[in-house]
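Some notes on the structure that comes next.
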Amino acid sequence: MIQITFPDGSVRSYESGVTGLDVAKSISQGLAKKAVSIKVNGQVRDLSRAINDDATIQILTWDDKEGKATFWHSSAHLMAEAIEALYPGTKFGIGPAIDQGFYYDIDPGDQVIGAEDLQRIEKKMQEMAQKKSDYIRTEMPKTKAVAYFTEKGDQYKLDLLEDLEDGQITFYQQGDFTDLCRGPHVPNTEIIKAVKLTNISGAYWRGDESNKQLTRIYGITFPKQKDLDEYLLMLEEAKKRDHRKLGKDLEIFTFDDDVGPGLPLWLPNGAFLIEQLEWFAKKTEEEMGYLRVRTPHIAKENLYLTSGHLPYYKESMFPPMELDGTTYYLKAMNCPHHHKIFASSPRSYKELPLRLAEYGTCYRYEKSGELFGLMRVRSLQMNDAHIYCTKDQFESEFKRVNELYLRYFDVFGIDKYVMRFSTHEPSKLGKKYVDNPALWAETENMVRRVLIDSGIPYEEVPDEAAFYGPKIDIQIWSAIGREFTLATNQVDFAQPLRFNLTFTTSNNENEHPIVIHRAPLSTHERFIGFLLEHYAGKFPMWLAPKQCAILPIADRHIPFAQEVQTQLKKAGVRSQLDDRSESIGRKIRDAETGKIPYMLIIGDKEQEAGQVAVRKQGEGDQGSMTVDDFAQLIRQLVEDMH
RNA sequence: GCCAGUGUAGCUCAGCUGGUAGAGCAGCUGAUUUGUAAUCAGCUGGUCGGGGGUUCGAGUCCCUCCACUGGCUCCA
């Protein structure tokens, strides 16, 4: 007999060799039906595998994150089975579960699988799922596994096998499909009730651009049709938040073929947002001791040779311009210009930390396939600043920058993000990274300490640092789920050396400062794209281009409405007057869909009482009040930044 | 850049197997003067992404370029 400990701490005795499914059944039939896999001593396994020793277990279902992973991984196999049946000779790469579903990378050879094939595959999967095929786990020696895939001619699986240790290789089979796989899997296909293949795209084998591009098919499956319906509904809702749609509807920005891809044109509403953000950033930065500078959009090649960017970054820069025998580049980053400002006069330790800030305009030649609305563009304006400090000041300066981030995040209500701490890979010193092991270790430790001291949860990712130092990034997700770096905060001990930036210490010695690159409000482009989605177009009062719409009921109310507008303008409230000969219902509808926070309805009653009837966007009638009271309400909301 | 797809009026979209463009909204004009999410009528508007080809004839078929979309790769 063995002792099995459950998540609630209770312990039961079972025969040695009992399977996960038996254990689930012993608790309840319901659980046994829902169970997809089992966690045994922290390791997720098939329900059918025997448990031979005392163990702590947890039966996993669809409701568990790891249960979903099992479910989707098995679904990927089901999709592969369907593809093999429909497109014989297809070779298979990898087919993992992901956050929202699964994918399989396949090589259909000469056959082309396009979007219209997805429904066919979906149907086949549903048919196959109903056959209730068991997922059968087998083990075989590597030599036999190699022989199997050699016979099948699947070079991808052979490629994967090469990296596996000798010994027993596990396979899973369901129906006629057999796959090299670590597992685990659901007991049988029947549990997969609803299938949706979401999209199809290319993906390089093993993520390497120099490898062959395979066809990747993404899908998602559910144990109930209702879950799928809900998921599809959620996708629809997300599309409504897409900044590209909102940006068009709310007249924030546009693109034009004659201007060029990735070069946004800011419409008046967008320009207003930019100016409000700049006002806010400048005010905040001034409070925190930053000095504002301004630099040109281009510079000589030499500047980027000195900075070290050119070899690393050339592909991302616009092609050079030749002027009078000299090569110029459009700037892709502001730091070299700022370093030159630091270098423009002898610096004393008494001046440090020196914080130079600029909403600098940069141009980056992003590959055409990478452009994405406002989130990924070729002209961008960065909320940039460079802080030059001594090693002793570094930790407190870095901390101050973090505090600035948190302050901003509080103002904008940004709570769904991941703080990512990127460190270097010691074996790549001198290649990918500047060769200064001591400074890497020292600064990485300082950054880590700041994060821990501030109690900020973070994820550490090795080998993702900038070439000049470690960094932290704030990762966010767009409405349609694409990941972006919103803000960044980077340490740089390399460029001060390259530019030979120095300051005089209190001992009258020359020393190199450390530089912190920071862009807490990202770029105007990405930040406004993010805000559009974050607020679903309903900007807080201080950012709303129009704070209220004045809606006269009949034409005879227009003169009073104009008076109201004048009065509001004097009080600093931004309004828009709808003097069309339209019904009040229509005017309200247009203001509602235009996401204007407040509507002021003016009819006979209001005119007589010298008041306005206030309606709040999305909420409805709020009753009447005087214009002064309304202006006061708006001013208060602006002040609270709500 | 790569793979797959899309590209018809300002916007959202019809247009079957090739016979030479259509709706709703927006816009303009007029009527209407409205009480909390679309008043009515008339009119304007497109070298069907650009170029080339096949054909008696191309929005529809082929080639090519451009842009966009979904991913991959890469990054604020």
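Chain letters run A, B, ... following the sequence lines, proteins first and then strands; every chain starts at 1.
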Can a donor-acceptor pair be found, under 3.5 Å and without considering hydrogens, that links the side chain of Arg526(A) to the backbone of Thr485(A)?
yes
Report the base-pairing partner of rU20(B) (Watson-Crick or G-U wobble, both distances below 3.5 angstrom), or none.
none
With both distances kept under 3.5 Å, what pairs with rC2(B), Watson-Crick or G-U wobble?
rG71(B)
Please measure how far the C1' atom in rG5(B) lies from the corresponding atom in rG18(B), and state the result in whole Å.
23 Å
Distance between the C1' atoms of rG70(B) and rA38(B), in whole angstroms?
34 Å
In whole angstrom, what separates Leu551(A)'s CG from rA37(B)'s P?
12 Å
Do the side-chain N or O atoms of Arg586(A) get closer than 4.0 angstrom to the phosphate oxygens (OP1, OP2) of rU34(B)?
no
According to salt bridge (Lys or Arg N to Asp or Glu O under 4.0 Å), who are the partners of Arg292(A), at least two apart in sequence or on a separate chain?
Glu285(A)
Arg378(A) charged N/C atom sitting above Tyr365(A) aromatic ring, 6.0 Å / 45°
yes
To the nearest Å, how far apart are Ile217(A) CD1 and rG5(B) C1'?
14 Å
Whether the Thr295(A) and Lys331(A) side chains hold a donor-acceptor pair (N or O, under 3.5 Å, no angle test) is what I'd like checked.
yes
Suppose you measure atom P in rU54(B) against the same atom in rC63(B); what distance do you get, rounded to whole Å?
15 Å
Between atom CZ in Arg580(A) and atom C1' in rC25(B), what is the gap in whole Å?
13 Å
For rG7(B), which nucleotide is its Watson-Crick or G-U wobble mate, given both distances must be under 3.5 Å?
rC66(B)
I need the CD1-C1' distance between Ile113(A) and rA4(B), as an integer number of Å.
11 Å
Considering only the C1' atoms, how many Å lie between rG7(B) and rU44(B), rounded to the nearest integer?
25 Å
Using the P atom as the reference point in each nucleotide, state the distance between rU33(B) and rA14(B) in Å, no decimals.
40 Å
Counting only Watson-Crick pairs (N1-N3 plus N6-O4 or O6-N4) and G-U wobbles (N1-O2, O6-N3), all under 3.5 Å, who is the partner of rG27(B)?
rC43(B)
Paired with rA58(B) by Watson-Crick or G-U wobble geometry, both distances under 3.5 Å: which nucleotide is it?
none
Could you tell me how the ring of Phe372(A) sits relative to the ring of His243(A): parallel (under 30°), tilted (30 to 60°) or perpendicular (over 60°)?
perpendicular
Do the side-chain N or O atoms of Lys248(A) get closer than 4.0 angstrom to the phosphate oxygens (OP1, OP2) of rU12(B)?
yes
Mind calculating the distance between CG (Leu214(A)) and P (rC3(B)) to the nearest angstrom?
13 Å
Expressed in whole Å, how much space separates the P atoms belonging to rG49(B) and rC16(B)?
14 Å
With no hydrogens and no angle check, do the side chains of Asp463(A) and Tyr433(A) hold a donor and an acceptor under 3.5 Å apart?
yes
Keeping His524(A) on the side-chain end and Glu275(A) on the backbone end, is there a donor-acceptor pair under 3.5 Å?
no
Within the structure shown, what part of the strands sits under 4.0 Å from Glu582(A) by heavy-atom distance: base, sugar-phosphate, or nothing?
base
Looking at Lys367(A) and Glu209(A), is there a salt bridge between them, counting it only when a charged N and a carboxylate O are closer than 4.0 Å?
yes
Of the listed rU33(B), rU39(B), rG35(B), the closest approach to the Asp604(A) side chain comes from rG35(B)
Which residue lies more 5' along RNA chain B, comparing Ile553(A) with Arg589(A) via nearest heavy atoms:
Ile553(A)
Ala613(A) side chain, from C-beta outward: closest of rU34(B), rA38(B), rU36(B):
rU36(B)
Nearest-nucleotide pick for Arg615(A), side chain only, options being rA26(B), rU36(B), rU34(B)
rU36(B)
hbond_proxy Arg556(A) side chain to rU33(B) base (donor-acceptor, 3.5 Å cutoff)
no
I'd like the C1' distance from rU39(B) over to rG59(B), given in whole Å.
36 Å
Which pairs count as salt bridge (Lys or Arg N to Asp or Glu O under 4.0 Å) when at least one residue sits in residues 87-107 of chain A, sequence neighbours excluded?
Asp105(A)-Arg216(A), Asp107(A)-Lys212(A)
Within the 4.0 Å limit for protein heavy atoms, which parts of nucleotides 64-76 of chain B are touched? Write it as a string from 5' to 3', B for base, S for sugar-phosphate only, - for none.
---SSSBBBBBBB
From NZ of Lys605(A) over to P of rU34(B), roughly how many Å is that when rounded to an integer?
14 Å
What is the distance, to the nearest angstrom, from the NZ atom on Lys587(A) to the C1' atom on rU39(B)?
12 Å
Pairwise C1' distance, rU73(B) and rC3(B) [rounded to whole Å]
12 Å
Value in whole Å for how far the C1' atom of rU6(B) lies from CG of Leu118(A):
15 Å
